[in-house]
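Written below as structure tokens is the structure these notes are about.
It should be emphasised that the depicted structure is a prediction, and the values quoted were computed from it without experimental measurement. Quick note: numbers below take in every heavy atom, side chains included, and nothing from hydrogens, waters or symmetry partners.
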Amino acid sequence: MEDEKYAKELDVAVKAVHMACSLCRRVQRGLVSRAGDAVKSKEDDSPVTVADWGVQATISWLLTEVFGSQSVSIVAEEDVQALSKSDSAGLLAAVVDAVNECLDNAPNFGLHKLDKHLTTQEVLEAIKRCNSAGGPEGRYWVLDPVDGTLGFVRGNQYAVALALIEDGEVIIGVLGCPNYPMKKEWLNYHHHYYQSTSAATDDSWEKGCLMYARRGSGKAWMQPLLHGDVNIESQYEARLIRVSSVDDPAQATFCEPVEKANSNQSFTAGLAHSVGFRKQPLRVYSMVKYAAIARGDAEVFMKFARCGYKEKIWDHAAGVVIVQEAGGVVTDAGGKPLDFSRGVYLEGLDRGIIVCCGSILHEKIIGAVYASWDSSNL
């Protein structure tokens with residue numbers, strides 16, 4: 001019965017993220033040719049694109065259609081302020097077009113096609129509907145429409161992340177990674193992902209992957225993203241993924257953020273050296289770091305935020321449950337579970353976040369944090 005309890009939610013979430021990834025791919029392909037219209041700066045200077053708003057509108061609309069507007073509450077990153085400005089008419093039109101083009105292909109993803117296209121007002125309402133503040137009670141979805149927007153803009157790694165939280169606990173996590181190949185051997189840890197290589201021309205590379213998990217199942221799954229007009233029913237095969245069994249720091253690969261603005265990479269580097277990591281870090285945008293650990297491509301993700309930066313729940317919720325159900329360990333740097341029950345931020349976070357493939361590496365890192373912290377400049 002427990003498996004059946006969230007079966008519909010998981011099924012719809014997986015299909016919605018598949019659709020969202022298809023929208024992102026179309027937008028990313030056209031990003032270079034119409035960058036002026038497709039990219040807008042937010043107040044914090046991070047770029048936001050047609051894909052951010054398009055994904056948020058699409059997933060918001062799909063969840064509401066299936067579960068009803070009275071039953072759906074969504075915490076999400078984007079609002080409509082920038083879209084509503086008088087000089088954003090072209091951008092708004094591009095968002096509406098992207099949403100409707102995506103929804104036209106709903107039958108390929110096992111969902112119903114609309115009788116008619118959404119209007120501009122309906123798209124804006126779908127985006128605005130994502131106004132939940134989260135908290136310790138009730139059920140709400142958490143969405144990061146394009147996690148790693150800089151990676152998206154640069155043609156690198158990014159993710160579509162959707163999670164379901166109930167009474168403060170993450171129940172379902174779905175992570176779509178459009179530029180993350182199904183096969184580990186197509187990864188290059190120490191350089192950017194060059195999609196002009198011979199491997200990149202293979203359909204399997206272009207498919208990317210999608211991962212998902214349900215709390216308490218002890219299982220995490222991965223399937224290829226749909227490509228072209230392939231129907232989801234003919235390619236709905238998923239395989240179990242597990243974290244790496246490596247517990248020797250000298251053999252382990254650790255991940256850290258690409259951007260230095262919100263994380264202290266010098267402390268992470270010192271910590272990695274003291275623990276005994278010898279490999280170069282895998283610096284990758286977005287929650288693809290969680291995906292890498294969940295399927296065994298890397299062993300550790302460490303993030304220590306700079307003073308004043310607060311982690312948002314949408315940057316971690318989906319990835320955390322997938323790694324945990326794949327056999328990994330996720331805590332703050334003091335060894336405590338992450339608390340998703342206190343609104344849009346991970347309040348009470350002890351210094352940083354540690355994600356590991358297993359308890360042995362995790363304990364070594366926690367010990368090193370305590371040993372190194374007093375001498376750090378954080």
Side-chain angles (χ1 to χ4, degrees), residues 8-9 11-31 33-43 47-133 140-146 149 152 160-162 174 176 178 226 229 232 314:
K8 185 175 182 180
E9 288 85 349
D11 179 63
V12 172
V14 166
K15 291 174 178 177
V17 173
H18 267 293
M19 286 188 68
C21 289
S22 72
L23 184 155
C24 287
R25 281 173 157 169
R26 283 195 295 272
V27 173
Q28 192 179 53
R29 282 196 293 267
L31 197 59
S33 61
R34 52 186 174 86
D37 292 329
V39 181
K40 194 89 171 178
S41 290
K42 292 187 286 189
E43 290 181 3
V48 62
T49 69
V50 171
D52 291 89
W53 284 301
V55 166
Q56 188 159 312
T58 299
I59 290 183
S60 171
W61 190 87
L62 287 169
L63 292 177
T64 301
E65 279 293 292
V66 174
F67 299 110
S69 59
Q70 300 303 311
S71 302
V72 173
S73 179
I74 305 172
V75 179
E77 184 170 11
E78 307 303 339
D79 59 39
V80 295
Q81 287 184 355
L83 272 183
S84 302
K85 294 179 180 178
S86 58
D87 63 347
S88 297
L91 179 64
L92 178 55
V95 171
V96 174
D97 287 346
V99 171
N100 283 315
E101 185 178 0
C102 181
L103 292 176
D104 279 345
N105 293 313
N108 287 343
F109 299 91
L111 298 167
H112 294 298
K113 185 176 180 178
L114 278 69
D115 294 330
K116 59 182 180 178
H117 279 173
L118 298 183
T119 66
T120 298
Q121 189 58 37
E122 286 172 323
V123 170
L124 285 171
E125 287 298 325
I127 297 171
K128 286 194 286 187
R129 198 178 295 123
C130 304
N131 59 2
S132 171
Y140 49 91
W141 296 89
V142 176
L143 170 66
D144 194 336
V146 179
T149 310
F152 176 83
V160 177
L162 181 63
V174 184
L226 293 188
D229 295 327
I232 197 168
W314 54 68

Any donor-acceptor pair under 3.5 Å from Thr58 side chain to Gly54 backbone: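 Yes, because the side chain of Thr58 sits within donor-acceptor range (under 3.5 Å) of the backbone of Gly54.
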Ser132 side chain vs Ser73 backbone, donor-acceptor pair below 3.5 Å: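 Not confirmed, Ser132 side chain does not pair with Ser73 backbone.
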If we only count heavy atoms from C-beta on, is the [X] to [Y] side-chain gap below 4.5 Å?
X: Trp53; Y: Leu124; answer: no
X: Ile59; Y: Val160; answer: yes
X: Trp141; Y: Leu162; answer: yes

Side chain to side chain donor-acceptor pair (under 3.5 Å) partners of His112, counting only residues at least two apart: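 His112 satisfies side chain to side chain donor-acceptor pair (under 3.5 Å) with no residue once adjacent residues are dropped.
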Let me confirm one number: the [atom1]-[atom2] distance from [X] to [Y], rounded to the nearest 0.5 Å.
X: Leu83; Y: Glu78; atom1: CG; atom2: CD; answer: 9.0 Å
X: Leu62; Y: Met19; atom1: CG; atom2: CE; answer: 5.0 Å
X: Glu122; Y: His117; atom1: CD; atom2: NE2; answer: 11.5 Å
X: Phe152; Y: Cys24; atom1: CZ; atom2: SG; answer: 5.5 Å
X: Asp79; Y: Gln56; atom1: CG; atom2: CD; answer: 8.5 Å
X: Asp144; Y: Asp52; atom1: CG; atom2: CG; answer: 8.0 Å

Taking distance alone, no hydrogens or angles, what donor-acceptor pairs closer than 3.5 Å link side-chain atoms of residues 63-72 to residues at least two apart or in another chain?
unit_1: Thr64; atom_1: OG1; unit_2: Ser60; atom_2: O; d: 2.8
unit_1: Thr64; atom_1: OG1; unit_2: Arg129; atom_2: NH1; d: 3.4
unit_1: Ser71; atom_1: OG; unit_2: Phe67; atom_2: O; d: 3.3

Exercise: identify the closest heavy-atom pair between [X] and [Y]:
X: Trp314; Y: Leu143; result: CB-O, 3.8 Å
X: Lys15; Y: Gly110; result: NZ-O, 3.7 Å
X: Val174; Y: Ala13; result: CG2-CB, 3.8 Å
X: Gly176; Y: Cys21; result: CA-SG, 3.7 Å

Pairing residues for Asp87 by the salt bridge (Lys or Arg N to Asp or Glu O under 4.0 Å) criterion, not counting sequence neighbours: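 Salt bridge (Lys or Arg N to Asp or Glu O under 4.0 Å) list for Asp87, sorted by chain: Lys40.
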Which residues share a salt bridge (Lys or Arg N to Asp or Glu O under 4.0 Å) with Lys8, sequence neighbours left out: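 Expected list: none.
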Any pair counted as salt bridge (charged side-chain N to carboxylate O under 4.0 Å, His left out), so long as it reaches residues 109-119, sequence neighbours left out: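 Matches after skipping sequence neighbours: none remain.
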For residues 92-103, please give each side-chain donor-acceptor pair under 3.5 Å, one per line with the distance, not counting sequence neighbours.
unit_1: Asn100; atom_1: OD1; unit_2: Leu118; atom_2: N; d: 2.8
unit_1: Asn100; atom_1: ND2; unit_2: Val96; atom_2: O; d: 3.2
unit_1: Asn100; atom_1: ND2; unit_2: Leu118; atom_2: O; d: 3.1
unit_1: Glu101; atom_1: OE2; unit_2: Arg26; atom_2: NE; d: 3.4

